[in-house]
Amino acid sequence: MVPKGGDDMAKVGKDTRITDSRLFDLRWHRGHRALTSPLARLYGKSHDLNKLLGRLHDLLETHSKNRPADLRLLDLERDIDPDWFLSQEMVAYVFYIDKFAGKLSNLPKHIDYLRDLGVTYAHLMPCLKPRPGQSDGGYAVMDYREINPALGSMADFEASATALRRAGISTCIDMVLNHTAKEHDWAVRARAGDPFYQDFYLMFDTDILPRKYELGLLEVFPMQAPGNFTHYPDIGKWIWTTFNEYQWDLNWANPEVFLAFVDTILHLANKGVDIFRLDAVAFMWKKMGTNCQNLPEVHDILQALVQATRIAAPGVIHKAEAIVGPRELVPYLGTGSHTGKVANLAYHNTLMVQFWSALAARDTRLMTYVLRTHFPQAFTHACFATYIRCHDDIGWAITEEDAAHFPPMTGPGHRNFLADFYNGSFPGSFARGADFQSNPETGDRRTNGSFASLAGLEAAEESGDAKATDLAIARILMGHTLIASFGGIPLIYMGDEIGMTNDHSYLDHPELAKDGRWMHRPAMDWKAVKTIAKGNSPAARIHAGTKAILTKRKQTTQLASDVPTRILDLGHPGLFIFERLAEDKAITSLFNFTESDQRITPWALRLDPGYHYIDVLGGAALSLRDGLIAVPPYGCLWLRPAAPLL
Ligand code: GLC
């Protein structure tokens with residue numbers, strides 16, 4: 001029987017001992033409703049829900065029992081303080097293990113570097129066993145219970161996670177939910193004809209249905225992997241492959257897939273994972289006649305996964321990777337009946353796109369409009385992961401409707417401008433990026449390039465123009481300041497704290513050469529790191545600047561992620577401005593997206609005339625020039641009332 005609500009609690013209530021199994025029962029009781037409702041919607045009509053819940057209960061109980069003692073303590077701490085990750089102390093660092101440390105066993109040696117920068121959350125890029133050869137940077141997983149042998153063993157992973165935890169750093173890994181490698185055991189069995197495992201994937205005997213689905217679908221990799229289905233003549237099947245041919249989409253309409261992933265997630269949680277980055281979640285549910293992205297069922301799956309984890313391993317949280325338009329993005333952090341129950345974190349790709357858009361246009365109006373119009377000021381038990389660059393390309397997610405607010409701007413026109421600006425071909429562009437997946441049919445083009453190269457450092461260094469170098473550094477530090485103060489956990493992508501530029505060496509590796517994203521995945525430049533304490537190189541300046549920004553963030557409670565963010569629309573095209581509405585003293589943040597000084601009156605900012613203000617970021621009193629606040633080129637201010645004027 002599946003313990004449910006009140007009756008079972010009455011039985012439990014007579015026992016006054018606090019045992020692990022008692023805690024589990026209490027957590028099952030607490031999460032039961034939030035877990036059951038999405039499962040009923042997903043599987044209730046097609047499957048025996050009670051049976052499913054019974055199996056799930058046992059699975060959760062087993063993993064909960066197997067949880068190591070130190071993680072149980074963490075569970076308790078985070079159960080008492082479930083919003084622990086909303087603290088302004090949180091700072092994330094994202095890296096490939098091989099490119100950062102060589103092997104997992106070397107990772108602990110680099111913990112001091114992370115701590116010095118202020119990192120409290122380390123995202124170890126794909127580290128589970130990938131298929132051999134091409135693996136989409138590790139996102140084609142062959143075995144979710146083994147570590148990539150090139151990086152080390154599961155024991156090495158556990159040791160790293162423990163060392164990180166002792167240093168106050170949470171461990172995040174990728175959990176690829178939408179697909180497995182075609183070499184995964186489930187896929188191998190499916191291919192061999194096992195009907196149980198064939199139902200784990202989306203397989204078709206003819207291309208009739210695939211062709212119908214295709215009518216609504218987009219292509220993720222139109223150049224390297226056109227279409228969304230692959231025909232396998234050896235088994236006479238068409239298989240759904242949204243990404244590459246070797247990545248087989250899973251059938252989440254099958255509850256066995258759900259159970260298998262709960263099992264996998266909790267297994268890895270017990271090895272020391274604190275945060276799961278749920279990869280490519282937008283694609284998990286398919287429905288004929290739609291583009292099969294962001295369907296309501298995806299949010300039900302996420303709620304069920306999050307709630308199941310919260311019962312068995314409440315110390316663990318989840319981050320959704322849904323790189324989608326602003327309207328589709330918000331529900332990933334919980335809206336309507338999902339409020340406070342789905343992913344704890346989601347990538348703020350709109351903020352990222354709008355940062356680059358305003359930088360190229362030297363105009364913040366679209367950024368202000370989009371961020372003000374489509375996003376709430378805060379979420380419940382959730383926040384964004386704010387970032388400027390990551391390992392992927394930049395998709396120019398500017399919608400037609402948003403662009404139409406700024407005639408004569410159009411969606412395609414602005415997207416083209418951004419792609420041209422960042423591949424460096426637009427006249428006067430400071431960027432050194434490259435086009436990615438140009439699709440002649442849709443006119444869509446995405447962009448590759450490292451933060452520093454896109455922000456102008458590569459071109460400036462090449463030309464030897466010191467002023468251009470200063471501007472590029474200021475742009476980079478403005479990006480770091482934005483993600484450190486906007487609300488959410490800032491993600492620093494490895495190398496961006498020392499201004500690493502593009503790396504073209506991937507072209508020498510046949511397995512990587514076709515995927516331009518490797519251009520912005522360079523190996524960590526430890527030589528440059530050695531010089532940062534002494535020199536005045538761009539790397540040293542960017543590192544010092546980044547560290548100072550992160551230190552200030554941690555000291556400023558108003559920047560915690562549960563403090564609402566209100567974007568101000570003051571009609572000033574050079575400045576992006578928002579307030580963090582803390583209960584005590586609000587912070588007003590200003591960012592100058594142009595190469596010239598920008599001025600604004602204190603009254604336009606609604607600063608309280610009865611107060612002295614300080615710029616928390618610069619650590620100095622706010623001084624007015626001719627009664628105006630002046631923000632230098634690419635400068636940032638975090639203004640907070642200090643003492644009342646006498
Ligand atoms: C995510 C990853 C990306 C990968 C894709 C397919 O978007 O960030 O690198 O190609 O999922 O797994």
Side-chain angles (χ1 to χ4, degrees), residues 92 94-99 123-131 133-142 144 148 172-184 187 201 217-228 230 239-250 252 261 264 275-284 286 292-294 298 302 318-325 328-329 332 343 345-350 352-353 385 387-397 436-437 446-450 491 493-494 506 511-512 514-521:
V94 182
F95 58 89
Y96 287 94
I97 296 161
D98 54 344
K99 290 170 183 282
H123 175 184
L124 282 52
M125 292 287 289
C127 59
L128 302 178
K129 189 177 175 187
R131 73 190 290 270
Q134 284 184 17
S135 67
D136 189 20
Y139 288 100
V141 180
M142 185 176 159
Y144 290 82
N148 180 350
C172 169
I173 70 162
D174 291 87
M175 178 50 52
V176 186
L177 297 178
N178 179 67
H179 44 263
T180 70
K182 66 175 179 180
E183 289 79 7
H184 189 286
Y201 297 92
L217 296 173
L218 303 169
E219 290 174 315
V220 178
F221 296 135
M223 288 172 78
Q224 74 200 50
N228 288 279
T230 305
I239 299 182
W240 201 309
T241 51
T242 299
F243 291 85
N244 292 291
E245 172 276 319
Y246 51 76
Q247 289 161 299
W248 286 10
D249 285 43
L250 287 154
W252 279 86
F261 271 98
T264 308
I275 304 162
F276 285 94
R277 173 192 179 277
L278 307 178
D279 181 73
V281 289
F283 301 89
M284 284 163 75
K286 330 283 187 190
C292 299
Q293 285 192 47
N294 311 305
V298 168
L302 290 176
H318 295 284
K319 173 172 62 175
E321 191 247 355
I323 307 304
V324 296
E328 292 78 34
L329 178 58
Y332 284 94
L345 295 166
Y347 285 85
H348 203 331
N349 73 305
T350 301
M352 182 273 291
V353 165
Y387 69 112
I388 298 292
R389 282 304 285 124
C390 69
H391 69 292
D392 280 329
D393 51 288
I394 304 175
W396 298 113
F436 183 59
Q437 304 297 321
R446 286 140 49 193
T447 298
N448 285 323
S450 80
L491 309 185
Y493 180 59
M494 186 192 87
Y506 75 98
E511 269 164 27
L512 313 179
K514 272 200 186 149
D515 190 338
R517 292 176 298 173
W518 289 98
M519 175 173 166
H520 48 257
R521 300 172 182 173

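First listed ligand is number 1; within each ligand, the first listed atom is number 1. The model shown is predicted, which means the values in this text are computed figures rather than measured ones.
- With hydrogens left out, the protein atom closest to atom 11 (O) of ligand 1 is Asp279 OD1, 2.9 Å, a heavy atom.
- Using a distance-only test at 3.5 Å, with no hydrogens or angles considered, no donor-acceptor pair links the side chain of Glu511 to the main chain of Gln134.
- The contact set between ligand 1 and His179, taken as ligand atoms under 4.0 Å from a residue heavy atom, comprises 6 (C), 12 (O).
- Counting protein heavy atoms only, atom 9 (O) of ligand 1 is closest to Asp392 OD1, 2.7 Å.
- Interface of Arg277 with ligand 1, defined as ligand atoms under 4.0 Å from a residue heavy atom, comprises 2 (C), 8 (O).
- Of all atoms in ligand 1, numbered sequentially from 1 with element shown, those under 4.0 Å from a heavy atom of His391 are 2 (C), 3 (C), 8 (O), 9 (O).
- Assignment of Met125 to the shell around ligand 1 is not supported, since no heavy atom sits closer than 4.0 Å.
- Looking at Asp136 and Arg517, a side-chain N of the basic residue comes within less than 4.0 Å of a carboxylate O on the acidic one, giving a salt bridge.
- Ring planes of His391 and Tyr493: tilted class, angle from 30 to 60°.
- Taking the centre and axis of the six-membered ring of Tyr96, the NZ or CZ atom of Arg521 falls outside the cone set by 45° and 6.0 Å.
- The shortest N or O to N or O distance between Arg521 and ligand 1 is not under 3.5 Å.
- If you check which protein heavy atom lies closest to atom 4 (C) of ligand 1, you get Asp136 OD2, 3.3 Å.
- Although no hydrogens or angles enter the test, the distance criterion places a donor-acceptor pair under 3.5 Å between the side chain of Tyr144 and the main chain of Val176.
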